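Report on the structure given below.
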Amino acid sequence: MNPKIGVLALQGDFEAHRQAIKRAGGTAIEVRTAADLESVDGLIIPGGESTTMLKLLDAENLFEPLQNFGKHKPIFGTCAGAILLASEVTNPAQPSLGLLDLTVERNGYGRQIDSRIANIDLEGKPAEAVFIRAPIIRRVGAAAKVLARYLDAPVLIEQGRHMVATFHPELTKDDRIHRRFVEKVEAHANGESVR
Ligand code: GLN
């Protein structure tokens with residue numbers, strides 16, 4: 001199969017995700033409306049600016065449809081997308097979809113070191129992680145599986161059917177993380193138990 005992966009295309013870094021999904025064997029579809037959501041098996045919420053995305057979700061009446069989608073289908077949130085998926089957001093607090101039991105601190109690395117490329121370990125092999133005004137995950141729920149860490153904090157997490165990264169996996173040529181999500185969506189669409 002070629003699972004249909006939506007990319008929320010309201011704002012931010014959706015084009016690079018589209019390319020990465022294609023490289024990882026999925027069909028990429030831009031999602032802008034609740035009707036678009038109905039045609040996809042899984043969704044990526046890209047990086048960008050989470051407060052701006054929240055405003056746009058509100059303007060497009062997409063907040064609730066997205067929340068309902070996530071109750072049944074896999075979502076992968078990267079950077080601002082991770083902030084939107086969390087159950088609690090700090091620095092400052094703001095509303096979120098609450099689909100993963102996580103506390104996320106916005107702009108956790110501070111302004112001085114806005115952005116960096118770091119080397120992380122991804123399941124025994126090195127990977128490059130691009131952080132851009134990234135959040136820090138301060139707390140994970142008991143169901144979270146931490147797939148990678150940087151400076152002691154989790155930076156890639158799987159929780160049930162969802163995934164979260166605080167960095168930008170779409171900006172490197174390494175497609176392992178997108179492939180993992182595409183496979184997860186495919187398994188979920190085939191009714192295998194990924195919850
Ligand atoms: N700092 C942004 C926010 O708080 C996230 C940055 C990103 O997605 N690269 O929404």
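Order of listing sets the numbers, starting from 1, for every ligand and every atom in it. Every value quoted in this text rests on a predicted model; they were computed, and no experiment measured them.
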May I ask you to say whether Glu186 pairs ionically with Lys4, meaning some side-chain N is under 4.0 Å from a carboxylate O?
-> no

For Ile132, the ligand 1 atoms with a heavy-atom partner under 4.0 Å come out as 6 (C), 7 (C), 9 (N)

The answer for which part of Glu49 has a heavy atom under 4.0 Å from ligand 1 is both

Kindly indicate, with the supporting measurements, whether the criterion side chain to side chain donor-acceptor pair (under 3.5 Å) is fulfilled by Ser50 and Gln94. CA-CA 9 Å; Ser50 56; Gln94 68 183 21; 2.9 Å; yes

(request) In plain terms, say whether Arg106 and Glu49 are close enough for a salt bridge, that is, a side-chain N and a carboxylate O under 4.0 Å apart. (result) yes

CG of Leu62 to CG of Leu8, rounded to nearest 0.5 Å, is 6.5 Å

Would you say Gly48 and ligand 1 have an N/O pair spaced under 3.5 Å apart?
-> yes

message: Does Phe131 form a ring pair (Phe, Tyr, Trp, His ring centres under 6.0 Å) with Tyr150? I'd like the steps, not just the answer.
response: CA-CA 10 Å; Phe131 292 93; Tyr150 173 62; 5.1 Å; yes

Numbered in order shown, the ligand 1 atoms found under 4.0 Å of a heavy atom of Ile83 are 3 (C), 4 (O), 10 (O)

Pairs of nitrogen or oxygen atoms closer than 3.5 Å, one from Thr51 and one from ligand 1: do any exist?
no

If we number the atoms of ligand 1 from 1 as shown, the ones under 4.0 Å from a heavy atom of Asn107 are 1 (N)

- N or O pair under 3.5 Å between Cys79 and ligand 1: no

A student checking ligand 1 against His168 at a 4.0 Å heavy-atom cut-off should list atoms 7 (C), 9 (N)

Numbered in order shown, the ligand 1 atoms found under 4.0 Å of a heavy atom of Gly47 are 8 (O)

Give a yes or no on whether a salt bridge exists between Arg18 and Glu30, defined as a side-chain N under 4.0 angstrom from a carboxylate O. yes

